[in-house]
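Just below is one structure, and these are the notes that go with it.
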Amino acid sequence: MQVYRGLDVGTAKPTVAERAAVPHHVIDVVEPTEEWSAMRHQAVARAAVADIEARGKRALLVGGTGLYVQAVVDDLRFPGEDPDLRAELEAATAEPGGVAAAYDELRRRDPDAVEKIDPHNARRIVRALEVIRLTGKPFSSFGAGLDQFGPTAFPVRMVGIWVPRDVLNARIAERFAAMRDAGLVDEVQQLLGGRSLSRTASQAIGYKEIIGALSDHGSLDEALDTAVRRTRSFARRQRMWFRRDPRITWLGATDNHCVVLPALLATWSS
RNA sequence: GGCCGGGUAGCUCAGUCGGCAGAGCACACGCCUGAAAAGCGUGGGGUCGACGGAUCGACGCCGUCCCCGGCCA
């Protein structure tokens, strides 16, 4: 979400001072009216890494989202996209019984892919059918899957910081309180002036809830509570995603995350 | 004080004619290849306000009491 210009406070974007001290990349690269995607992220982030390495420097990748980290680091090749076809499939699944019918079609055309997709997950069923109809090849033929951890696309060391649950939850709540104090609501109001955010930008945690509260005069306190819960849920999905990656070295943190710095720096300079 | 409505999961509430106690959210566990800060699956949880009664059988019917809200005085 830090790729979006204007989404500053709520994405905990690095400050101007921080960016002057350490050059950051892939920040503020698009307007919030634009769509962003894993494939787009892969291209831009890899270009940034190549640029850094060409200057004899070393890139530090900061992951938030597992799919995006793997899109950059692993040899993921995304099959093509067809917006019209996707719209047609989405309309079909919106009909009563449409999701079940689409799932049946997927079962017939790609028995392997059906194993990894839940029968009610319309979004992923649509995407799989889109790829099959577009390419004529099974969705499952595009790579071994995200649970296969082969050689990375370039040399990389992966480190994760494991934070105790109660510390994490407390920090998430504090973080949103601080964002509110820093003017998050004002920022959302300015963003909305005369335009609407893209589908991807408008689902940013905090922004989505505040936009909802502002548009139907709901409670901002409730919006922030929802955003806090959604952040905890996001953190849980991050934990689930990264936990299964055997290449990650986990560093434990207590209530003071600085204690992992020596181990982190040792990894960096090794 | 009288009348009416309500009391069921942590929260908001369904529960048909009396026949195995339900949903959404929360929480826990988990899935994942062009929306991923997205989408989806599974699960644990109950003195059905309390006590008594009729019934083979009560969240439901009858009685008494307690609590909450509204109206009247």
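A, B, ... follow the sequence lines: proteins, then strands. Residue 1 opens every chain.
One atom, CD of A:Glu81, and another, P of B:A35, lie 6 Å apart when rounded to the nearest Å. In this structure, A:Gln148 places its CD atom 10 Å from P of B:C32, rounding to the nearest Å. In this structure, A:Arg165 atom CZ and B:A26 atom C1' are separated by 15 Å, rounded to whole Å. Following rounding to the nearest Å, A:Leu67 (CG) and B:A36 (P) show an atom-to-atom distance of 8 Å. Protein atom OH of A:Tyr103 is 20 Å distant from nucleotide atom P of B:G39, rounded to whole Å. To the nearest angstrom, P of B:G39 lies 10 Å from CG of A:Asn121.
Proximity of residues 232-247 of chain A to RNA chain B (heavy atom under 4.0 angstrom from any strand atom) is restricted to A:Arg232, A:Phe234, A:Arg236, A:Arg237, A:Met240, A:Trp241, A:Arg243, A:Arg244. For RNA chain B, the neighbouring residues in residues 2-15 of chain A, judged by any heavy atom under 4.0 Å, are A:Gly10, A:Thr11.
Seen from the ring of A:Trp241, A:Arg244 counts as a face-on cation partner, given the 6.0 Å and 45° thresholds.
Of all non-hydrogen atoms in A:Pro138 and A:Ser141, the two that sit nearest each other are O-OG, 2.6 Å. The shortest heavy-atom contact between A:Val72 and A:Arg46 is O-NE, 3.0 Å. What you find for A:Tyr4 and A:Ser198 is that their closest heavy atoms are OH-OG, 3.5 Å. Of all heavy-atom pairs spanning A:Thr33 and A:Ser196, the tightest one is CG2-O, 3.5 Å. The two residues A:Val260 and A:Ile161 make their nearest non-hydrogen contact at CG2-CD1, 3.9 Å. For A:Val30 against A:Arg40, the heavy-atom pair with the smallest separation is CG1-NH2, 3.3 Å.
One finds a side-chain N or O of A:Arg86 lying less than 4.0 angstrom from the OP1 or OP2 phosphate oxygen of B:A35.
A:Ile248 is connected to A:Val159 through a chain of hydrophobic side-chain contacts under 4.5 Å among Ile, Leu, Val, Met, Phe, Trp and Tyr, so both are in one cluster.
The side chain of A:Asp147 approaches B:C32 more closely than any other nucleotide in the set B:A28, B:C32, B:C40.
Between A:His41 and A:Tyr68, the ring planes lie tilted relative to each other; the angle falls in the 30° to 60° range.
Distance alone, capped at 3.5 Å, is enough to place a donor-acceptor pair between the A:Gln2 side chain and the A:Thr11 backbone.
For CD of A:Glu222, the number of neighbouring non-hydrogen atoms (other residues, nucleotides, ligands) closer than 6.0 Å is 12 at most.
Considering only residues two or more places apart in sequence or on other chains, A:Trp250 meets the ring pair (Phe, Tyr, Trp, His ring centres under 6.0 Å) condition with A:Trp162.
Taking atom C1' on both nucleotides, B:G24 is separated from B:C66 by 30 Å, rounded to a whole Å. A distance of about 15 Å separates the C1' atoms of B:G60 and B:G6, rounded to the whole Å. Taking atom P on both B:A35 and B:A28, the two are 28 Å apart, rounded to the nearest angstrom. With both ends at atom P, the span from B:G10 to B:G44 equals 15 Å, rounded to whole Å.
Backbone-only contact: A:Tyr68 has heavy atoms under 4.0 Å from sugar-phosphate atoms and none from a base. Counting non-hydrogen atoms under 4.0 angstrom, A:Glu115 reaches nothing in the nucleic acid. Residue A:Gly66 is out of contact with every strand shown, counting any heavy-atom pair closer than 4.0 Å.
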What nitrogen or oxygen pairs link the protein and nucleotides 9-13 of chain B at under 3.5 Å?
none

Criterion side-chain contact (heavy atoms from CB on, under 4.5 Å) on A:Leu106 and A:Ile132, from CA distance to verdict: CA-CA 9 Å; A:Leu106 184 61; A:Ile132 292 168; 3.5 Å; yes

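Screening residues 93-144 of chain A for ring pair (Phe, Tyr, Trp, His ring centres under 6.0 Å) gives no qualifying pairs among residues at least two apart or on separate chains.
Helical stems involving RNA chain B, defined as 3 or more consecutive Watson-Crick or G-U pairs under 3.5 Å, span B:1-7 with B:66-72, B:10-13 with B:22-25, B:27-31 with B:39-43, B:49-53 with B:61-65.
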